[in-house]
2 protein chains.
Amino acid sequence: MDNKIKLRNAGLRPTKQRIIIADILLNGFNRHFTAENLQNEISISGNKMSIATVYNCLKKFKNAGLIKQVESYTDTAIFDTNNISHHHFLNEETGELIDINNNEINLVKLPDIPKGFINSGVDVIIKLKKNN
Amino acid sequence: MDNKIKLRNAGLRPTKQRIIIADILLNGFNRHFTAENLQNEISISGNKMSIATVYNCLKKFKNAGLIKQVESYTDTAIFDTNNISHHHFLNEETGELIDINNNEINLVKLPDIPKGFINSGVDVIIKLKKNN
DNA sequence: TTTTTACTTTAAAATGGTTCTAAACTACTT
DNA sequence: AAGTAGTTTAGAACCATTTTAAAGTAAAAA
Ligand SMILES: [Mn+2]
Ligand SMILES: [Mn+2]
Ligand SMILES: [Zn+2]
Ligand SMILES: [Zn+2]
């Protein structure tokens with residue numbers, strides 16, 4: 001894998017652990033996941049990693065822009081491998097998230113940004129509940 | 001105060017504690033707050049309430065539709081007295097939220113809702129960062 | 001290559017927000 | 001007034017996340 005190079009390009013030292021995680025997360029298939037989800041996938045891949053390292057790596061990956069964290073009021077942090085700006089459906093009952101491409105939403109009117117600030121990203125969450 | 005009546009109309013038994021909270025929250029001025037913020041305001045008002053009761057009441061108020069909880073990836077739950085459907089600016093550095101009226105945002109295009117579900121609310125969060 | 005340095009991983013403990021427990025209390029009904 | 005169902009509370013428990021500090025490792029310097 002050239003995930004070693006991806007990590008270096010992101011300014012991260014390519015440790016054994018980060019490569020394991022990059023191999024799982026940066027394979028082109030997008031997903032939403034928790035730290036615990038990831039630790040399970042690491043186990044399934046035949047490796048073992050402390051939960052502290054999983055969290056450390058997720059923070060580094062996030063700050064490096066390799067993954068994102070999703071806004072949600074669940075008590076568990078949810079991460080997202082889809083780096084392209086996009087939005088979400090949120091199943092309020094299960095917490096499941098589904099991606100919405102930016103081109104499926106059109107925000108034609110935005111409020112004035114408060115003085116001294118700039119818009120650093122817009123998140124749209126469409127909450128879903130079961131029909132009937 | 002007719003907060004006693006407001007509570008009854010919301011289907012909540014108007015206990016001493018709920019009236020204290022209603023007097024603080026339901027005064028017409030909208031705000032975003034945490035459970036701890038509220039407990040402090042209760043102290044300032046000359047009263048005393050266990051944190052368990054603060055959480056119990058917030059959950060009841062929320063389920064009764066008197067307040068809302070805001071989507072946010074901070075580790076602390078943020079509640080909102082503004083019941084009218086609206087959106088938020090989020091200062092990413094401080095976590096501060098500012099209301100955006102619905103009429104300041106115009107979503108002209110929405111994606112198809114997944115089969116079997118209905119749209120139960122759209123939240124727009126405009127993240128802010130300091131300009132230069 | 002060896003040495004040095006800074007960074008990373010880890011198990012275990014700590015933290016902090018939130019929920020649970022179970023006993024005392026209180027609003028409402030009869 | 002008595003009964004009952006719901007509420008409050010202190011403190012314990014819970015659980016996701018962070019911290020600690022010691023051991024390990026990648027990169028830089030010599
Ligand atoms: Mn959250
Ligand atoms: Mn927490
Ligand atoms: Zn996504
Ligand atoms: Zn608001």
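The chains referred to below are lettered A, B, ... by the order of the sequence lines, with proteins before strands, and numbering in each begins at 1. Remember, predicted model here, so these are calculated numbers, not experimental data.
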Residue pair A/Val70 / A/Phe79, side-chain heavy-atom distance below 4.5 Å
no
As a test of reading the structure: which of D/dT17, C/dT9, C/dC28 is closest to the side chain of A/Thr76, going by heavy atoms?
D/dT17
Whole Å only: how far is the CG atom of B/Leu58 from the P atom of D/dT7?
15 Å
Check whether any side-chain N or O of A/Arg8 sits under 4.0 Å from OP1 or OP2 of D/dA27, and answer yes or no.
yes
Taking only N and O in the side chain of B/Lys16, is any of them less than 4.0 Å away from OP1 or OP2 of D/dG6?
no
Distance under 6.0 Å and angle within 45° of ring axis: A/Lys62 vs B/Tyr73
yes
Closest approach of A/Ile21 to A/Leu38 (non-hydrogen atoms, all atoms of both residues)
CG2-CD2, 4.0 Å
Nearest to the B/Ala52 side chain among D/dT18, C/dT18, C/dC20, which nucleotide is it?
C/dC20
With a 3.5 Å distance limit and no angle check, can you tell me whether B/Lys6 reaches the backbone of B/Leu26 through a side-chain donor-acceptor pair?
yes
With a 4.0 Å cutoff (strictly under), does any side-chain N or O of B/Thr15 reach OP1 or OP2 of C/dT26?
no
Considering heavy-atom distances to DNA chain C, does A/Arg13 or B/Arg13 have its closest nucleotide positioned more toward the 5' end?
A/Arg13
Spacing of A/Lys4 atom NZ relative to D/dA27 atom P, expressed in whole Å:
7 Å
Hey, does the side chain of B/Lys60 come within less than 4.0 Å of D/dT8's phosphate (OP1/OP2), counting only N and O?
no
Check: residues 97-113 of chain B side-chain donor-acceptor pairs under 3.5 Å, at least two apart:
| unit_1 | atom_1 | unit_2 | atom_2 | d |
| --- | --- | --- | --- | --- |
| B/Asp99 | OD1 | B/His32 | NE2 | 2.8 |
| B/Asp99 | OD1 | B/His86 | NE2 | 2.9 |
| B/Asp99 | OD1 | B/His88 | NE2 | 3.1 |
| B/Asp99 | OD2 | B/Asn82 | ND2 | 2.9 |
| B/Asn102 | OD1 | B/His87 | NE2 | 3.2 |
| B/Asn102 | ND2 | B/Ser85 | O | 3.3 |
| B/Asn102 | ND2 | B/Ser85 | OG | 3.1 |
| B/Glu104 | OE2 | B/Asn101 | N | 3.3 |
| B/Lys109 | NZ | A/Asn103 | O | 2.9 |

In whole angstroms, the gap separating C1' of C/dA11 from OH of A/Tyr55 amounts to 16 Å
Closest-nucleotide 5' rank along DNA chain C - winner of B/Gln69 and B/Gln17
B/Gln69
Roughly how many Å is it from CG in A/Asn63 to P in C/dT8, rounded to a whole number?
12 Å
Between C/dT9, D/dT8, C/dT18, which nucleotide has the shortest distance from any of its atoms to the side chain of B/Thr53?
D/dT8
Rounded to the nearest angstrom, tell me the gap between atom NZ in B/Lys48 and atom C1' in D/dT8.
10 Å
The side chain of A/Cys57 is closest to which nucleotide in this list: C/dT9, D/dA26, D/dT17?
C/dT9
Starting from C1' on C/dC28, measure out to CG on B/Leu12 and report it in whole angstrom.
15 Å
Roughly how many Å is it from CG in A/Leu38 to P in D/dA16, rounded to a whole number?
15 Å
